[in-house]
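Notes follow once the structure below has been shown.
Atom set for the values below is all heavy atoms of this structure, side chains included, hydrogens, waters and symmetry mates excluded. It should be emphasised that the depicted structure is a prediction, and the values quoted were computed from it without experimental measurement.
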Amino acid sequence: MADLLSVLTATEKISLSLRALYAEKGYGQYKMSKFEEYDLYAKNKEFLTSDSVITFTDTDGRLLALKPDVTLSIIKNTKESPEGKTKVYYNENVYRLHKGTGAFRELAQVGVETMGDVTEKDVVETLLLAKESLNLLSDATVLEVSHLDVVTGLAEAYGLSAQGKKEFFLALADKNEQAARSVAEAEGLTPEQTENLALLTTLYGKAEQILPLLSRFGADEKTKTAVQEFSAVLTALLNAGAENVYVDFSVLNHQNYYNGIAFKGFVKGVPTGVLSGGQYDRLMQKMKKRSKGIGFAVYPDELVKIYAGERK
């Protein structure tokens, strides 16, 4: 066995460890083709990290694509179970444009998806599994958590225009307090509303420190409900003994597809996030599904730099 492990690459070792964890937790393995019909990605371009997709024409004339994403394929090809749950894990390669080089790269991706009657308990379970995934790879990890309905709900409650929302979300993603204040001023917000938007851009800290501050973002019934949901999830994580869980509202996914909890995972020694995920009920609806969904992906190729002797 030792000889077998010695021939594995760092990426393969990471993937193997994660797959064993997910199987142990009761997730079934999901296998898929390397190809999907291009139309799937053309209709959901905003969900992808890039508009660029490698395409080719099949022998029957269909336009196919090397998959740039796994979640879309799983949603498309999994039988609907709105009153039950489908829990799967995957170990797949995706093909994406590298921002630095402008060339396509084949990237390993290991992750889990839960679809169906997703409850608060499932959300907490997914977050705990994300943290356990990080802890499996390093002793120094951080999980950053946000709630998109707090962010979008506050923008709506304050009456931000479409352009104002766009500029505010950009300011939030960049943690740019001054830009958020400029948006508030241009939109004619009150001093209290301005301070709340500005605070969202700078608010960062451990869950137990931020929890008492969340109530100030309950501007209407929608945001109050979102704050209550977020507080309940954070409290459950703390009660379960999860450590180094931080609140960071700059963790944003595309609001047309995602809702509720969004999160990213970081490992000491790696400058970029190595795990990302969230709830995607809106994406399910867009793909004509009645179910809810939540999941995350780990990117082993980003992690190899913490394993001595190998870099990708």
Side-chain angles (χ1 to χ4, degrees), residues 1 4-5 7-37 40-41 44 47-49 64-96 105-119 121-138 143 261 263 265 267 273-281 283-284 287 289 291-304 307 312:
M1 184 65 174
L4 178 60
L5 291 175
V7 302
L8 297 178
T9 67
T11 295
E12 289 169 336
K13 290 175 183 176
I14 294 168
S15 299
L16 191 62
S17 298
L18 292 170
R19 287 167 55 191
L21 172 63
Y22 303 150
E24 179 187 340
K25 295 295 183 180
Y27 290 76
Q29 186 173 14
Y30 190 95
K31 291 292 293 180
M32 64 190 74
S33 168
K34 292 181 181 293
F35 316 126
E36 279 284 3
E37 292 192 26
L40 173 65
Y41 307 119
N44 297 284
F47 181 75
L48 304 176
T49 57
L64 299 181
L66 285 173
K67 62 178 183 292
D69 177 82
V70 176
T71 301
L72 286 170
S73 294
I74 293 179
I75 294 174
K76 174 190 172 186
N77 298 308
T78 299
K79 186 177 179 181
E80 179 96 75
S81 181
E83 297 178 358
K85 290 185 182 71
T86 299
K87 298 168 64 175
V88 299
Y89 76 88
Y90 58 86
N91 178 28
E92 300 286 340
N93 289 343
V94 295
Y95 304 85
R96 294 178 178 172
R105 293 176 61 194
E106 181 179 20
L107 302 172
Q109 190 171 310
V110 186
V112 300
E113 307 289 353
T114 298
M115 293 174 288
D117 183 21
V118 175
T119 65
K121 181 180 178 181
D122 297 304
V123 173
V124 173
E125 177 188 278
T126 301
L127 287 166
L128 288 173
L129 187 57
K131 192 64 173 69
E132 193 170 349
S133 300
L134 293 170
N135 293 344
L136 186 69
L137 303 166
S138 173
L143 185 67
I261 296 293
F263 52 97
V267 167
V274 300
L275 179 152
S276 65
Q279 295 176 257
Y280 48 85
D281 299 352
L283 176 60
M284 298 288 283
M287 295 184 69
K289 303 283 187 177
S291 305
K292 298 179 179 180
I294 184 171
F296 64 83
V298 181
Y299 305 98
D301 291 329
E302 297 295 333
L303 283 159
V304 296
Y307 281 71
K312 273 256 197 192

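Checked by atom type and distance alone, the side chain of Lys289 never pairs as donor or acceptor with a backbone atom of Leu283 at under 3.5 Å. Asp301 places a side-chain N or O within donor-acceptor distance of the main-chain N or O of Ala108, the cut-off being under 3.5 Å. Remark: side-chain polar atoms of Asn44 are not paired, donor with acceptor, to backbone N or O of Phe47 under 3.5 angstrom. Under a 3.5 Å cut-off, the side chain of Arg105 and the backbone N or O of Arg96 do not form any donor-acceptor pair. The backbone N or O of Ser291 sits nowhere less than 3.5 Å from a side-chain atom of Asp117 that would complete a donor-acceptor pair. A donor-acceptor pair under 3.5 Å is formed between the side chain of Gln279 and the backbone N or O of Ile261.
Summarising the geometry, atom NZ belonging to Lys79 is positioned 9.5 Å from atom OG1 belonging to Thr86; distances are rounded to the nearest 0.5 Å. From Asn135, atom CG reaches atom CG of Leu143 across 9.5 Å, with rounding to the nearest 0.5 Å.
For the pair Met287 and Lys76, the minimum side-chain heavy-atom distance is below 4.5 Å. Between Val123 and Thr126 the shortest side-chain heavy-atom distance does not fall below 4.5 Å. Looking at heavy atoms from C-beta onward, Ser73 lies out of side-chain contact with Phe35 at the 4.5 angstrom threshold. Considering only heavy atoms from C-beta on, Asn77 comes within 4.5 Å of Tyr30 through its side chain. Met115 is listed as a side-chain neighbour of Ile74, based on a closest heavy-atom distance under 4.5 Å.
Evaluated for a salt bridge (charged side-chain N to carboxylate O under 4.0 Å, His left out) with Glu125, the options Lys131, Lys87, Lys25, Lys85 yield exactly one hit, Lys87.
Relative ring orientation between Phe263 and Phe296 is described as perpendicular, the plane-to-plane angle rising above 60° on a 0-90° scale split at 30° and 60°.
With hydrogens and angles left out, the side-chain atoms of Gln109 and Tyr90 include a donor and acceptor closer than 3.5 Å.
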